Each structure stands twice: as structure tokens, then as C-alpha cells.
Amino acid sequence: MFTYDLHQVPYSRYGSFLVVSPLKKQGDLEEGIYIRTVHGGDNSHGAVFKLELIHEGEAVSSQVIASPESVRLLAAEGYAECCVTGELTMQLFSCGVDIRLTLVSGGYDYASPMKDGRWEVNHFSTESRFMLESVSGELAVDAPWSGTKCSHVIVELRRDMESGLAEVKLEQFWTVRPPIRVTRMLEACKREAGNEYREWLSRTLPSDGKWSEARKLAAYITWSCVVPKRGMLTRPAMYMSKNWMTNIWSWDHCFNAMALIRHQPELAWDQFMIFFDAQDESGALPDFINDKHALWNCCKPPIHGWTLNWMLERSGWIGKEQLAEVYEPLVKWTNWWFEERDDNGNGIPEYQHGNDSGWDNSTVFRFGGPIETPDLCTFLILQCETLAKVAHELGKHDEGREWEHRAKALTDRLVEHFWDGTSLSAWVRDEQLERGGDSLLMYMPIILGKRLPEPLYRHLLAGLEEEGRFLTEHGFATESVGSAYYSPDGYWRGPIWAPVMMLLADGLASAGESGLAGTAAERFCRMASVNGMAENYNALSGEGLRDRAFTWTSSVFLILANEYASKEHISTV
């Protein structure tokens, strides 16, 4: 049975908002294991109930074993088990011990007994209601009323004295109380979850056998992070994580779509198109989406054309129906950059903030904005080329030729504006950015390959090939490790990030630099296999930083291990 560390990777299931994971002490929140909901995005930790094992009225310590099937808590006196059984449902089982669920208070919380023996718990901080139903054993609820709410809600599932067993069903809802349903045996629910995960694993990109355990972890993270179509989410959506980053962002989703396109093309297409479903009339895409709302304060870089072309080259599933669906939205998204993000009218679109680039605090953005950077032009060139390809496929040949012309013109403009013959520069408020930082962002035009003049291409390649500058034993650092601005946990001022690795590995391979692409991919995969699927990594030690259960890292690992890193023995199980 595949198991993982619950302290790094939360327990959940494909298509569910419910999660079990440990939380550290935060204000009034005690450290412990919690039942959470990721409904509503990352505005809070989403904690609903603190989960404890009880023996003779006292909490007892336990060992945690987490798997795709369930979370099992083992104590000396007995054990308990949690299994997510559906989109909004969970079953909890205990043997030899009782289970205590303490509601994380906030707002006008209360618990109400139902005539059918169930209890309804209204939890304001997660904007959710929960129905608790005893299957076996006694459901004891302590919920004293204090005028406008219950002062606390403590639920104990007490085992049957004869059998020593107890079981309770928990169901999240919002308006209409769910009906009493036929209870399924816990073992059957666990078996179903395990089979579902193994089916997902069988459709996960194969890789060299040396990555087999990391592949299982990456597959579990991507499988368990999918939430259902609901509210703002027009399609099933793979969140970035079910730890804290419980949204989807408008470039993260591209990498998840890429990892799915070969073996789950319909779901891949859902991941790719979900942001276009939320597109503004102007053509803008939101920064992020969850089931409750979208954020428009920032955006993310236009890598969607590059993504679409990459998927087209690897899947025959994307046909004219899909191309017709995406063409006009992609046209609007491309034009938005030229019409709404070119304040000085010089034909070079600009970022207004580092967050718009995805490289939030990169040294390139240390003087604010608006800022013109060569990476943005690079992505738009590739997007124009993809639009030309799609337009021709759809029989829109005049439009196809126009997009080809725009791609060539923007390539010329990039070279003219940013390249001085020795290096590339960025421009802040019409002034050339002062030297000082050494950001990998300035080397992203390498993904244009031989479209660039030879001296510029060689300059970029030399910067990437230099060991100990950007290229470390673990991949490409986002700020040169010799820079005065380098920080081991500096977010985009040093750490290694999966999306950058993917863009550079593919760009280098496409330009014929398969040796460097393979070296970088191999180093990244080795690091991730040891240190987990983290949000980012210390460029020198390889230590996983921040969230250790990130889907775009998992997806990029799977792609790099499958296609770009060296292969000895392919594993598909």
C-alpha cells in the first residue's frame, strides 16, 4: 500500500472539498489534526473540526498512517479511521477508542438536534453546514446556547460497549438538509478510493523506474487535489494544493493540463479552458479562481499559446471542435495585452506588478512598474504563432497570415528594444532598469530558440550553461546564487520553481540543446524525488520550501521524468 507523510501532504480524494490534515498553532487555533473544507478558496485555513482520539475521557496520542484509501490514527488503546466517501461526505470509524470532534469556533456557530437523531452543525467561518449521523455507537453533543450562538460545540462518537466499535457519517451542505442515505461499509469505501487512485496512477505519465515512488506521490497529489464543478468553477478543477493554496491560478493550470493531455485529454481540456470560461469581456483572465470568487487585482503571463501548441504536438484528441472553442478567447487574451497593457504605446506590452508575471518579487521588479520585460514579449510571440497555426487549421487563412506577421514583427521589436549587443535589459517607466540583480527572468527568451539572432541566442545559452550561476545541482535558480539579492528562501529571488524548469527544458530541447535540457530535468527530478513536490526549492540544498504538496510541481515532475530526463527502465505502475 502506498503511504505518505500527512504532515506534508493532506488527505483528500478526487472530486472532494473535504480534507484531513495537521495544522500548527495559529492564534486561538490549537495544533492538531483537523477535518477541513477547501470550499471558498484560501481566505482561511478551512478548519472545521479538531479530531482527537479519546480513551476513558482523555485525549490519547496516536500514530498517523495516510494513504489514498484513508487516514488511520493508531493509539495504544485502539484506532480510528477517516475515509472521504464523496464530494461532500466522509465516514469516521473507531475501534477501542472514542472520537472527539471540536468545532473551530467563529461567528454564530451552533449545533441543532434533528428528530431523526442526526445533528446539524452550522459553521460560519467556512460558510458551510455539516450533518452528523451516527451509524453505530452513540453521538454525544455538548453545545450550550449562549444567546446568539453555541459557546462551543464538542461532538463525541462513543463506541458501542458490546462491540467496541463506532461509526459516524459527516456531510457538508449549504441550504437543503441531505436525506438519510444507505450506509456503505467503510472497507468498501476504502477499496473504492484505492481503486480510483490506482486507476489514476495507471493513466499517469510513465517514467524511469528510479522515479517510481515519486511518481506515485505526484499522482496522488494531482488526483486528490481535484475539486468538483461548483459555483465559479465551471469544470472539475485541479487546485494547486489542498494545504493552503486552495485556488487555481492563471498559469498554474496550464502545467496540470499538459501532464494530463496524453492519457486524460477531456480533463486536460477542462483544466486548460476553465480560465477562459471566466474571461472578462475585455479579454483579461483573472489571477485566480475558486468555487466562490475570482481575483482580478493581478493577472498571470500569457503562456497559454505555448501550452496549447505543446499539447497539440502530443495529442490527436484536440480537434477542430476544441480549436474553435479556444480560438476567439485566445485572440481576446492576446489582444488585451497590446490594448490594455501598453501604456506608452510603443508596441511593447508591460507588466504593472511582479505578480502579473508570476515572478512576484523577482529583482527585475524591485523598482515597481509598469515594466517592460523580454519574457512577456517572448510569450506573446509564441502565442501569436499558435494563433496562426490554429487559424490556418480552422480555414481562417487571412487571420493566420496576420498572426504570423505579428509574431515576426514582435520578435524584431524584442531584439531592437531589449538587446544592446551584449545583454538584455528591462525598462521601468520608460527608463532602462539599473543593473544590480541577476534574475533568470531575463533569460527566458531562450525558449524562442533559433528565432533569435545568433549572438543573442548564444548569450542566453551561455548564461544557462554556466555551472554555479543559475544552473545548480538541483536545476535553475531564479536568481543567480552569486547575486547580492540571492536568498535561499527568497521566493523568486533564488529558489527553484517547477514552471520555470518546464519552460526552459522544453525551450532548450526545442532549440536542439537536449543535453542541457536533460541535465536540468534530471537534476530537478532527483531533487523532487527526495524532497517532495514542494512549491519551490532551495537552489543549493534542494530542500523543499513552503507547501510540500503542489500540483504544478507534481505535473512538471511527471512531464520532465517522462520526456526530458534520461530513461533507463520505464515504470507504468
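In what follows, every heavy atom counts, from backbone to side chain, and hydrogens, waters and symmetry copies are set aside. The residues of the chain are indexed from 1 along the displayed sequence. Source: prediction; values computed, not measured.
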- Message: Does any part of the side chain of L312, heavy atoms only, come nearer than 4.5 Å to the side chain of E393, both counted from C-beta?
- Response: no
- Message: How close do G463 and F470 get, counting heavy atoms only, and between which atoms?
- Response: O-CD1, 3.6 Å
- Task: Kindly say whether V97 contributes a backbone atom to a donor-acceptor pair with the side chain of S94 at under 3.5 angstrom?
- Result: yes
- Decide, yes or no, whether a salt bridge links E385 with K389 under the criterion of side-chain N to carboxylate O below 4.0 Å. no
- Message: Quick check for you: to the nearest 0.5 Å, what is the distance between N243 atom CG and R546 atom CZ?
- Response: 14.0 Å
- Query: Are there more than 12 heavy atoms of other residues, nucleotides or ligands under 6.0 Å from atom NZ of K25?
  - Reply: yes
- Task: Determine, step by step, whether Y457 and E513 satisfy the side chain to side chain donor-acceptor pair (under 3.5 Å) criterion, reporting the C-alpha distance in whole Å, the side-chain angles of both residues, the deciding distance to 0.1 Å, and the verdict.
- Result: CA-CA 12 Å; Y457 175 78; E513 309 293 343; 2.7 Å; yes
- Do R184 and E192 have side-chain heavy atoms sitting under 4.5 Å apart? yes
- Could you tell me whether a side-chain N or O of T478 sits under 3.5 Å from a main-chain N or O of P495, the two making a donor and an acceptor? yes
- Query: ring-ring contact (aromatic ring centres under 6.0 Å, His included): which pairs involve residues 497-526, sequence neighbours left out?
  - Reply: Y491-W497, W492-W497, F524-Y537
- Just how far is it from atom CG of L424 to atom CG of L456, taken to the nearest 0.5 Å? 5.0 Å
- Message: Distance check, rounded to the nearest 0.5 Å: L51 atom CG versus L92 atom CG?
- Response: 6.5 Å
- In Å, rounded to the nearest 0.5 Å, how long is the span from CE of M501 to CG of L440? 9.5 Å
- Message: Tell me whether D252 is salt-bridged to K300, with the criterion being a basic N under 4.0 Å from an acidic carboxylate O.
- Response: no
- Item | Charged N-O contact under 4.0 Å between E81 and R72 | yes
- Message: Quick check for you: to the nearest 0.5 Å, what is the distance between L387 atom CG and L380 atom CG?
- Response: 10.0 Å
- Any side-chain donor-acceptor pair under 3.5 Å between T553 and E535? no
- Residues E69, R13: salt bridge by 4.0 Å N-O rule: no
- Evaluate side chain to side chain donor-acceptor pair (under 3.5 Å) for T37 paired with Q172, printing each intermediate quantity in order. CA-CA 9 Å; T37 176; Q172 182 179 8; 3.0 Å; yes
- Message: Pairing donors with acceptors under 3.5 angstrom, does anything connect the side chains of N290 and Y239?
- Response: no
- Where do Y11 and I35 land on the side-chain contact (heavy atoms from CB on, under 4.5 Å) test, with the steps shown first? CA-CA 10 Å; Y11 166 72; I35 296 172; over 6 Å; no
- Task: Considering only NZ, NE, NH1 and NH2 on the basic side and carboxylate oxygens on the acidic side, decide whether E543 and R548 come within less than 4.0 Å.
- Result: no
- Item | Donor + acceptor pair across side chains of S16, S12 (<3.5 Å) | no
- Check: D208 side chain, W211 main-chain N or O, donor-acceptor pair, under 3.5 Å: no
- Task: For side chain to side chain donor-acceptor pair (under 3.5 Å), just list the numbers for Y220 and Y197, CA-CA rounded to whole Å, side-chain angles, deciding distance to a tenth of an Å, and then say yes or no.
- Result: CA-CA 7 Å; Y220 172 73; Y197 162 71; over 6 Å; no
- Message: My understanding is that only residues two or more places apart in sequence, or in another chain, count here; which of them pass side chain to side chain contact (heavy atoms under 4.5 Å, CB included) with A47?
- Response: L23, L29, Y34, R36, H45, V104
- Query: Is E196 salt-bridged to R191, going by a charged N under 4.0 Å from an acidic O?
  - Reply: no
- Message: Going by side chain to side chain contact (heavy atoms under 4.5 Å, CB included), name the residues that satisfy it together with E266, two or more places apart in sequence or in a different chain.
- Response: W317
- Message: Going by the rule side chain to side chain contact (heavy atoms under 4.5 Å, CB included), which residues pair with V530 if we only count those two or more places apart in sequence or in a different chain?
- Response: none
- Would you check if there is a donor-acceptor pair between the side chains of N195 and E199 at a distance under 3.5 Å? no
- Message: Under 6.0 Å from the ring centre and within 45 degrees of the ring axis: does the NZ or CZ of R198 meet both conditions for the six-membered ring of W200?
- Response: no
- Taking the side chain from R314 and the backbone from W310, do they hold a donor-acceptor pair closer than 3.5 Å? yes
- Query: Does the pair E87/K229 count as a salt bridge with the N-to-O cut at 4.0 Å?
  - Reply: no
- Task: Output yes when a side-chain donor or acceptor of S315 lies under 3.5 Å from a complementary backbone atom of M311, and no otherwise.
- Result: no
- Item | Expected output: side-chain T246 to main-chain G41 donor-acceptor under 3.5 Å | yes
- Query: Between T3, T204, I221, L201, which is the residue that forms a side chain to side chain contact (heavy atoms under 4.5 Å, CB included) with K216?
  - Reply: L201
- Task: Could you check whether the rings of F272 and W269 sit parallel, tilted or perpendicular, using 30° and 60° as the cut-offs?
- Result: tilted
- Message: Less than 4.5 Å apart, side chain to side chain, heavy atoms only: is that true for M238 and F255?
- Response: no
- Message: If you apply the rule ring pair (Phe, Tyr, Trp, His ring centres under 6.0 Å), what do you find for H304 with F276, and how did you get there?
- Response: CA-CA 10 Å; H304 302 81; F276 292 108; 5.6 Å; yes
- Item | Beyond-backbone contact of T551 with V226, side-chain heavy atoms, under 4.5 angstrom | no
- Task: Kindly say whether F288 contributes a backbone atom to a donor-acceptor pair with the side chain of N247 at under 3.5 angstrom?
- Result: no
- Query: Side chains of D375 and W359: donor-acceptor distance under 3.5 Å anywhere?
  - Reply: no
- Note on the structure: side chain to side chain contact (heavy atoms under 4.5 Å, CB included) filter on A294, not counting sequence neighbours, yields M232, P286, I289, W296
- Task: May I ask you to test the Y486-R493 pair for a side-chain heavy-atom distance under 4.5 Å?
- Result: no
- Query: Is there a side-chain contact (heavy atoms from CB on, under 4.5 Å) between W306 and Q383 once you walk through the steps?
  - Reply: CA-CA 6 Å; W306 168 80; Q383 196 142 294; over 6 Å; no
- Partners meeting ring-ring contact (aromatic ring centres under 6.0 Å, His included) with Y485 (sequence neighbours left out): none
- Query: Side-chain donor-acceptor pair under 3.5 Å between D277 and T234, yes or no?
  - Reply: yes
- With a 4.5 Å heavy-atom cut-off, do F2 and S67 have their side chains touching? no
- Task: Kindly give the heavy-atom pair with the smallest separation between G86 and T89, and that separation in Å.
- Result: N-OG1, 3.1 Å
- Could you check if a side-chain atom of L441 sits within less than 4.5 angstrom of a side-chain atom of T363, using non-hydrogen atoms only? no
- Message: Could you tell me if the side chain of E213 sits less than 4.5 Å from the side chain of S529, heavy atoms only?
- Response: no
- Message: Please determine whether side chain to side chain donor-acceptor pair (under 3.5 Å) holds for the pair N256 and S555, giving the CA-CA distance in whole Å, both sets of side-chain angles, and the decisive distance to 0.1 Å.
- Response: CA-CA 5 Å; N256 290 335; S555 291; 2.7 Å; yes
- Message: Looking at N361 and G490, would you say the former's side chain and the latter's main chain have a donor-acceptor pair under 3.5 Å?
- Response: yes
- Query: Quick one: does R451's side chain have a donor or acceptor within less than 3.5 Å of a partner on L448's backbone?
  - Reply: yes
- Task: Kindly say whether E479 contributes a backbone atom to a donor-acceptor pair with the side chain of S483 at under 3.5 angstrom?
- Result: no
